[in-house]
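I have placed the structure first, in the form of structure tokens, so that the comments after it can refer back to it.
Naming convention: chains lettered A, B, ... in sequence-line order (proteins, then strands); numbering from 1 in each chain.
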Number of protein chains: 2
Amino acid sequence: MEHRSDLQEMPMRADARKNYEHLLAVARAVITEHGADASLRDIARKAEVGLATLYRHFPTRDALLEALLHATLAELTQKAGELESSSAPDEALVSWSREGVAFVKSFSGVVDLMAAAIADPESALHTSCVSLRSAGTRLLLRAQAEGMARADIDGTDLFALIGAVGWIGDQPSFARRAAHLFDIVASAILTNPSSNGIRER
Amino acid sequence: MEHRSDLQEMPMRADARKNYEHLLAVARAVITEHGADASLRDIARKAEVGLATLYRHFPTRDALLEALLHATLAELTQKAGELESSSAPDEALVSWSREGVAFVKSFSGVVDLMAAAIADPESALHTSCVSLRSAGTRLLLRAQAEGMARADIDGTDLFALIGAVGWIGDQPSFARRAAHLFDIVASAILTNPSSNGIRER
DNA sequence: ACCTGAACACCGTTCAAGT
DNA sequence: ACCTGAACACCGTTCAAGT
């Protein structure tokens, strides 16, 4: 959080900081309910703040989502490092990917933004997404080095597949199948799926 | 096409028919360029027709897309039947699925609408989507009966997976990987992937 | 330094009034 | 039977004017 003070080392004025914090809390509630493409106007209104104030703190929608999701995305990134030293390569890869899908599912509509952000260095979400992909790539490489994951995919492929299964979880008509379909996709990535949490057939 | 005369057996007045046809042609161009969530206002404007006229012919966005895609979707549905009698069960399933992904890719944003439509009997796209799913289900069942496809998925799972890989193809950042990732997902569905167009590793 | 109201250019949807 | 302009209630984005 405090993404602005990271860049410009000026502390926020008290009223600004209060608005910022409150805006973020309201945005979290509204976006949790209506998804990542919720109305920004609505957020400002519910926060009882001028619309231009929201724009001052978060110049783009991506900037707002970055502020909202930064902590969670960083946790997920860090989680990969932990799994790397605590679990078998294949198991680590699969359970981390599963958490990625769960994250996508928990913020409706965010997967489209992230897919766009990873290719757009201008997006406020870009670096978080790149870190996430790097974290996944390391897990993938470790599994590949042990011959536990197929060798013909890279970190971006993994990112895309997690996004795709996340997309399934984001569609009300398919959501309840997401866990099952995750297992199926995971079984395609692993060399020996049955040795893990994946029931192959 | 002519979705209205299917229901009410009244032929359209000449001016109406002309508007209808022209509107559809313009809509095809605009939606091809801007995706399924293109501005309806823009379509009416470019067709040089009152906005209410567009609504008269296509009361919802789904109705417009149904009129636009009906022929293509019907062809795809029919194609399944042809493959059923001309190809091996696994090969038929895979190449039909591949065409499904290609279709999704060719109309940006349509996959979200279809995922919603298949669960919503009120949607104008509903029956086309259901037919499509049925067609896929038959190919899947045939492959399963021969032991060529895993037994733990149904037609809706197949629909979701095709949609998910289609989603990948719809993201500019992932599009060029779609073909490769399709092969990977297909390999997860088939029992013996290497015997087909699928290079397994 | 920060906030705000208002303006601008868009949407989708509906409907009374026209021919 | 069909078409239309206009109205309504929304958007996102920007900016001059306030404190």
Side-chain angles (χ1 to χ4, degrees), chain A residues 2-5 7-24 26-27 30-31 33-68 109 112-113 116 122-125, chain B residues 2-5 7-24 26-27 30-31 33-68 109 112-113 116 122-125:
Chain A
E2 288 115 75
H3 68 118
R4 296 181 71 248
S5 52
L7 313 175
Q8 47 185 81
E9 215 48 65
M10 285 285 287
M12 275 177 171
R13 221 168 66 179
D15 55 346
R17 146 149 251 106
K18 194 182 157 194
N19 275 339
Y20 180 89
E21 233 67 75
H22 186 229
L23 226 19
L24 219 45
V26 171
V30 173
I31 285 178
E33 191 183 348
H34 294 101
D37 47 358
S39 159
L40 299 180
R41 246 193 162 88
D42 192 33
I43 292 171
R45 202 157 36 216
K46 283 183 173 134
E48 293 178 304
V49 145
L51 179 51
T53 302
L54 186 151
Y55 272 90
R56 159 164 267 268
H57 288 293
F58 312 102
T60 69
R61 174 174 244 109
D62 278 13
L64 176 57
L65 271 121
E66 160 66 15
L68 223 50
D112 291 82
L113 292 183
E122 301 302 305
S123 165
L125 277 165
Chain B
E2 287 115 76
H3 68 117
R4 296 180 73 248
S5 51
L7 314 174
Q8 45 185 84
E9 216 46 65
M10 284 283 288
M12 276 177 169
R13 221 167 67 179
D15 55 346
R17 146 149 252 107
K18 192 182 158 193
N19 275 338
Y20 180 90
E21 233 68 74
H22 186 228
L23 226 19
L24 219 46
V26 172
V30 173
I31 285 178
E33 192 183 347
H34 292 103
D37 46 359
S39 160
L40 300 180
R41 245 192 162 87
D42 193 31
I43 293 171
R45 203 158 33 217
K46 282 182 174 136
E48 293 180 303
V49 145
L51 180 51
T53 302
L54 186 151
Y55 273 90
R56 160 164 266 267
H57 287 293
F58 312 104
T60 69
R61 175 172 244 109
D62 278 13
L64 176 57
L65 271 122
E66 160 66 15
L68 224 49
D112 291 82
L113 292 183
E122 301 301 305
S123 165
L125 277 166

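Between A:His57 and the phosphate of C:dC3, there is a side-chain N or O to OP1/OP2 separation shorter than 4.0 Å.
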What protein N or O atoms touch nucleotides 9-11 of chain D N or O atoms at under 3.5 angstrom, if any, and at what distances?
{"residue": "D:dC11", "atom": "OP1", "partner": "A:Ser39", "partner atom": "OG", "Å": "3.4"}
{"residue": "D:dC11", "atom": "OP1", "partner": "A:Arg45", "partner atom": "NH2", "Å": "3.4"}
{"residue": "D:dC11", "atom": "O5'", "partner": "A:Ser39", "partner atom": "OG", "Å": "3.1"}

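For the side-chain contact (heavy atoms from CB on, under 4.5 Å) test, residues two or more places apart in sequence or in another chain that qualify with A:Leu51 are A:Arg41, A:Ala44, A:Tyr55. For A:Arg13, the side chain to side chain donor-acceptor pair (under 3.5 Å) test picks out A:Asp15, with sequence neighbours left out. Applying the side-chain contact (heavy atoms from CB on, under 4.5 Å) test to B:Ala38 and every residue at least two apart in sequence or in another chain returns B:Val30, B:Ile31, B:His34. Scored by the side chain to side chain donor-acceptor pair (under 3.5 Å) test, A:Ser123 finds A:Asp62 as partners (sequence neighbours excluded). In this structure A:Lys46 satisfies the salt bridge (Lys or Arg N to Asp or Glu O under 4.0 Å) test together with A:Asp42, sequence neighbours excluded. A:Asn19 meets the side chain to side chain donor-acceptor pair (under 3.5 Å) test with no other residue; sequence neighbours excluded.
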Annotated protein contacts, base or backbone, on nucleotides 14-19 of chain C with a non-hydrogen cut-off under 4.0 Å, one of B, S, - each = BB----

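For the atom pair CG of A:Leu40 and CZ of A:Phe58, the computed distance is 10.5 Å after rounding to the nearest 0.5 Å.
One interatomic measurement links the two molecules: CG of B:Leu64 to P of C:dG12, which rounds to 11 Å at whole-angstrom precision.
Here C:dC3 is the nucleotide among C:dC3, D:dC3, C:dT4 with the atom lying nearest to any side-chain atom of A:Asn19.
Nearest heavy atoms, B:Ile43 versus B:Leu54: CG2-CD1, 3.8 Å.
Helical stems in DNA chain D, defined as runs of 3 or more consecutive Watson-Crick or G-U wobble pairs with donor-acceptor distances under 3.5 Å: C:4-8 with D:12-16, C:12-16 with D:4-8.
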